[in-house]
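Scope of the values below: all heavy atoms of this structure, side chains included, with no hydrogens, waters or symmetry mates.
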Amino acid sequence: RGSLQWESAAPAQYCLHCCWHIGVIIMFVARSIAADHKDLIHDVSYDFHGRRMATCSSDQSVKVWDKSENGEWHCTASWKTHSGSVWRVTWAHPEFGQVLASCSFDRTAAVWEEIVGESNDKQRGLSHWIKRTTLVDSRTSVTDVKFAPKHMGLMLTTCSADGVVRIYEAPDVMNLSQWSLQHEISCKLSCSCISWNPSSSRAHPAMFAVGSDDSNVTYGGKVQIYEYNENTRKYAKAETLMTVTDAVHDIAFAPNLGRSFHVLAIATKDVRIFKLVPMRKESTSTGPTKFEVQIVAQFDNHNSQVWRVSWNITSTLLASSGDDGCVRLWKANYMDNWKCTGILKGDGSPLTGSSGQPTAMSTVVGSSVQTSQNALNGMSAGRYFFPPLDPPRAGTRYGHLLPPSSLIEHCDAEPIQPQQQALPHRLSSRALLPLPEAEGQ
């Protein structure tokens, strides 16, 4: 039930977008960290730059980790934050400083800020975390806490088991001890998770989704979408996803990147991806936007409860984690068909499949078409598995940049036709080899 966040394993001097298209392979590397929490870790959160990490646990503490130049993570702060299990921890945008928020079973949420000791302090020049405020409005466990997108200012949202979403604002970003409760929204269902739509487009009003793990079957949809109304200056329910009837453990809007529609991932007994297409509003309409709701993908590969879903920054990959102990990566092809493109075993051991499914994977930059062509019949080696790829589109220049066959084992997956060249599918954190120059250049 741990958390799931993205970390790029690529060297800083390479552009991930370019590497993907020119065929350089960057993989995800499993790295174990001795967290030294005394109880179950519930959440892991990266900061905006991916160089800092925060963890929280049932041991009532939060730990902050910093990534060194050699890629190792070191705990730089650890302190007791609440008097109950800490469910979630999240970072504010660095525009507002080094700020964390946490929420707990003790019915509170707290805001923490890192400050550097002044000249008259014993800890001169050393940083330490101090509590700026405690939000005590909830009457039950606070199950999730999220900062709003930075274009909305410094705003913090909580949801609670009492079915209420609360939105707070810091009027003065230089004084984080003062937070005012701006909105209190009753969802009528116990709330388990919340996600803001990150779109900053003026065409899209502020919007968030809230999920419920309520066992009450009389209420159909366990995911509700709320939108801000400029006329009433309140949030109103815009949509309920009636097809989601099982407990929802996590929810995540995909980064928008200029799309006219929204994409929402949901972790329940399976993984589901929804597309929310705004319907054209009449000029006289003052109500919330109506959406055409489309379910574009649904996967039960975990064969268990799914606890976390997380998008990469370009919304091209979705990661999910479940009770099967695996993280699975999902990607859509050019026809918008979603498929599993990777399975990462949590403890690093090979995946053993009884249904002919491959087991695990590790790849590096390759050099030869012929030596690696046969290897792409569904590849497995080491910790990661990548199922066979779709045939590439004709005319690609970089089909020859494939993993060497010595690193790849055969499996029973459906083979790719020999005459087709397959694009490399994952990217590697190992040292990148220079690309061969094209003939005639």
Side-chain angles (χ1 to χ4, degrees), residues 5-6 17 45-52 54 88-103 109 111-114 132-133 135 144-159 165-185 193-210 224-239 251-265 274-278 281 286 288-289 291 309-316:
Q5 291 287 327
W6 284 96
H17 178 76
S45 178
Y46 286 100
D47 75 342
F48 178 80
H49 301 291
R51 304 290 303 181
R52 310 193 79 184
R88 299 273 189 152
V89 63
T90 187
W91 294 84
H93 192 277
E95 178 179 301
F96 305 111
Q98 295 298 302
V99 179
L100 281 171
S102 58
C103 65
V111 178
W112 311 85
E113 184 178 19
E114 185 182 41
R132 288 304 190 189
T133 193
L135 306 173
D144 200 359
V145 60
K146 291 287 193 308
F147 285 100
K150 77 176 182 70
H151 67 271
M152 296 176 61
L154 187 53
M155 301 182 72
L156 185 66
T157 311
T158 66
C159 67
V165 173
R166 295 175 176 88
I167 301 177
Y168 300 86
E169 183 177 15
D172 181 4
V173 296
M174 302 302 293
N175 180 14
L176 299 186
S177 61
Q178 298 296 321
W179 291 78
S180 59
L181 178 60
Q182 296 292 312
H183 303 278
E184 214 168 22
I185 305 147
C193 51
I194 194 166
S195 176
W196 280 96
N197 180 11
S199 174
S200 58
S201 169
R202 292 184 179 180
H204 300 148
M207 184 170 66
F208 65 85
V210 58
Q224 300 175 17
I225 313 294
Y226 288 85
E227 185 183 79
Y228 185 71
N229 188 308
E230 290 287 354
N231 296 319
T232 62
R233 297 193 175 183
K234 293 182 179 180
Y235 283 86
K237 186 190 297 185
E239 193 66 58
I251 195 167
F253 271 108
N256 187 268
L257 301 181
R259 289 190 300 261
S260 61
F261 56 90
H262 314 293
V263 178
L264 183 67
F274 286 86
K275 180 188 289 187
L276 306 175
V277 183
K281 288 176 81 171
T286 59
T289 305
F291 294 94
V309 284
S310 180
W311 294 94
N312 68 343
I313 197 170
T314 57
S315 71
T316 54

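In this structure, the side chains of Thr314 and Leu257 come closer than 4.5 Å at one or more pairs of heavy atoms. The side-chain heavy atoms of Trp196 and Thr157, taken from C-beta on, include a pair separated by under 4.5 Å. A heavy-atom distance below 4.5 Å is not found between the side chains of Lys150 and Ser200. Lys234 has its side chain out of reach of Tyr228: every pair of non-hydrogen atoms, C-beta onward, lies at least 4.5 Å apart. Between Phe291 and Met207 the shortest side-chain heavy-atom distance falls below 4.5 Å. By the 4.5 Å heavy-atom criterion applied to side chains, Phe274 and His262 are not counted as neighbours. Taking the side chain as every heavy atom from C-beta outward, Leu154 and Leu176 approach each other to under 4.5 Å.
The backbone N or O of Gly97 lies less than 3.5 Å from no partner atom in the side chain of Glu113, so there is not a single donor-acceptor pair. A distance-only check finds a donor-acceptor pair linking the side chain of Asp144 to the backbone of Ile194 [under 3.5 Å].
Across all non-hydrogen atoms, the minimal contact from Tyr235 to Met152 is OH-CE, 3.6 Å. Nearest heavy-atom pair, Ile225 versus Ala209, reported as atom, atom and distance to 0.1 Å: CD1-CB, 3.6 Å. Between Ser315 and Arg259, the closest heavy-atom pair is OG-NH1, 3.2 Å. Closest heavy-atom contact between Trp311 and Ala252: NE1-O, 3.0 Å. When all heavy atoms are compared, the tightest approach of Pro171 to Gln178 is CD-O, 3.5 Å. The two residues Trp112 and Ser102 have their closest heavy-atom pair at NE1-OG, 3.0 Å.
Applying the salt bridge (charged side-chain N to carboxylate O under 4.0 Å, His left out) test to residues at least two apart or on different chains, none of the pairs has a partner in residues 193-210.
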Self-check item: Check against side chain to side chain contact (heavy atoms under 4.5 Å, CB included), Leu135 and Leu156
Solution: CA-CA 10 Å; Leu135 306 173; Leu156 185 66; 3.8 Å; yes
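Note: Ser177 OG to Asp172 CG = 9.0 Å, rounded to the nearest 0.5 Å. Note that CE of Met155 and OH of Tyr168 are 12.0 Å apart. Values are rounded to the nearest 0.5 Å. Taken to the nearest 0.5 Å, the CD1 atom of Ile185 stands 11.5 Å off from the NZ atom of Lys237. To the nearest 0.5 Å, the span separating NZ on Lys146 from SG on Cys193 amounts to 7.5 Å. Within the model, atoms CD of Glu239 and CD of Gln224 stand 10.5 Å from one another, a figure rounded to the nearest 0.5 Å. Of the inter-residue distances, the one linking Leu264 atom CG with Lys275 atom NZ reads 13.5 Å to the nearest 0.5 angstrom.
Checked against a 6.0 Å centroid threshold, the rings of Phe96 and Phe147 do not count as neighbours.
Remark: Ser195 pairs with Ile251, Phe253 by the side-chain contact (heavy atoms from CB on, under 4.5 Å) rule, at least two apart or across chains.
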